[in-house]
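These notes are about the structure you will find just below.
All of these numbers come straight from a predicted model, not from anything done at the bench. So that the names make sense, note that chain A is the first sequence line, chain B the second, and so on, each numbered from 1.
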Protein chains: 2
Amino acid sequence: MATRKVAARYDAALEPTGINVAQYAMLRAIERRQPVSLTELGRALDLDRSTMGRNIRVVEKLGLVATGRGDDQRESVVRLTDHGATVLRKAGPLWEGCQTDIEARIGAERLQALADINTLL
Amino acid sequence: MATRKVAARYDAALEPTGINVAQYAMLRAIERRQPVSLTELGRALDLDRSTMGRNIRVVEKLGLVATGRGDDQRESVVRLTDHGATVLRKAGPLWEGCQTDIEARIGAERLQALADINTLL
DNA sequence: ACATGAAGCGTGTATATACCCCTATCTCCG
DNA sequence: CGGAGATAGGGGTATATACACGCTTCATGT
């Protein structure tokens, strides 16, 4: 329930960019690793491979990322498009603003607890 | 990401009962309020009405709850079946065991932080 | 060189979730 | 009493997510 509320707030904050918080996280992960395979992305975001594939398809349709084959012909490699990079730049401050709002509401310790849980589990 | 990990643990713990943690939470909410309308349940669990309807349909197919019309003919009222109550009794200790495991891993404060976030947001 | 097993993806299926729109029902006021 | 507005659900559509299965490609040992 807590996650739904948190996610809804980020989604609302990112609304002007046309992406949601899951997509934002995915684009950020791609940005730092590109070019990157689906499997590698899935590991980074702790998502099932098949989920990655479908999620990437969505942002690809939006023109935010481009996919191709890697040197290893089995791999599907993903990279940001110029448009994707632009959207990410626009989304950054919105995301941070939301983060600040949430922190003001729940306190820095509780926000940190979420990051800790991710590490500890 | 943290939520996915937490949910996956509870789902694994509840596996012997055939229900997942979202369904467990829903059945618990029904147990405490039955007979209860979809809208009321949705408010309790902070879920969209349409989501409630679809989720209820799943547990209804499993024979865990029964639905009918209320005095207000618009309302769909839900109550646990005997089977649903049995499954819930079986699930309780599994859920608690998982909760204890998680607390041992992340610490009571961080676990409490999740409940707090839910209240504060 | 090739058979075998491993790795990477895609698809099918199922649940969870939200938003929008439509219909049915209820309430309340003039 | 009858219409206006509010409320309850249901269905369509879209995203996010997981698991099982099957196909393709790669790597490795003999």
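- Take the nearest nucleotide of DNA chain D for A:Gln23 and for A:Asp72: the residue whose nucleotide is more 5' is A:Gln23.
- Partners of A:Ser37 by side-chain hydrogen bond (donor to acceptor under 3.5 Å, both in side chains), not counting sequence neighbours: none found.
- Relative to the side chain of A:Thr39, the nucleotides C:dT25, C:dC9, C:dA16 differ in distance, and C:dC9 lies closest.
- B:Asp71 has its CG atom 13 Å from the C1' atom of C:dC26, to the nearest Å.
- Within 6.0 Å of the CZ atom in A:Arg33, the count of heavy atoms belonging to other residues, nucleotides or ligands exceeds 12.
- Residue B:Asn55 places none of its side-chain N or O atoms closer than 4.0 Å to OP1 or OP2 of C:dT15.
- A:Asn20 has no side-chain polar atom (N or O) that falls below the 4.0 Å cut-off from OP1 or OP2 of D:dT15.
- Nucleotide D:dC26 holds its P atom 10 Å from the CD atom of A:Glu75, rounded to whole Å.
- Residues B:Arg4 and B:Arg9 are not in side-chain contact: their nearest non-hydrogen atoms beyond the backbone lie 4.5 Å or more apart.
- Here the P atom of nucleotide D:dC19 and the CG atom of A:Leu47 are 11 Å apart, to the nearest Å.
- Listed nucleotides: C:dT17, D:dG10, C:dT25. Nearest to the side chain of B:Arg69: D:dG10.
- You'll find the side chain of A:Asn20 stays beyond 4.5 Å of the side chain of A:Leu14, heavy atoms only.
- In this structure, B:Asp11 reaches neither bases nor backbone, as no heavy-atom distance under 4.0 Å exists between it and the strands shown.
- In this structure, CD of B:Gln73 is placed 13 Å from C1' of D:dG9, rounded to the nearest angstrom.
- Of all heavy-atom pairs between A:Val21 and A:Trp95, the closest is CG2-NE1, 4.3 Å.
- Here the side chain of A:Thr3 pairs no donor or acceptor atom with the backbone of B:Thr3 at under 3.5 angstrom.
- Distance from the side chain of B:Arg57 is smallest to D:dG11 among C:dT25, D:dG11, C:dT11.
- B:Glu15 places its CD atom 17 Å from the P atom of D:dA18, with the value rounded to the nearest Å.
- The CD-P distance, from B:Glu60 to D:dG9, rounds to 13 Å in whole Å.
- Computed from coordinates, the B:Leu45 CG to C:dA16 P distance equals 12 Å when rounded to whole Å.
- Checked by atom type and distance alone, the side chain of A:Thr51 never pairs as donor or acceptor with a backbone atom of A:Leu47 at under 3.5 Å.
- The nearest whole Å value for the distance from the CG atom in B:Leu38 to the C1' atom in C:dT25 is 15 Å.
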Atom pairs, protein N/O to nucleotides 19-24 of chain C N/O, distance under 3.5 Å:
from, atom 1, to, atom 2, distance (Å)
C:dC19, N4, B:Ser50, OG, 2.4

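- Checking the phosphate oxygens (OP1, OP2) of C:dA7, no side-chain nitrogen or oxygen of A:Arg43 falls inside 4.0 Å.
- The residue among A:Met26 and B:Ser37 whose nearest nucleotide of DNA chain D is located toward the 5' end is B:Ser37.
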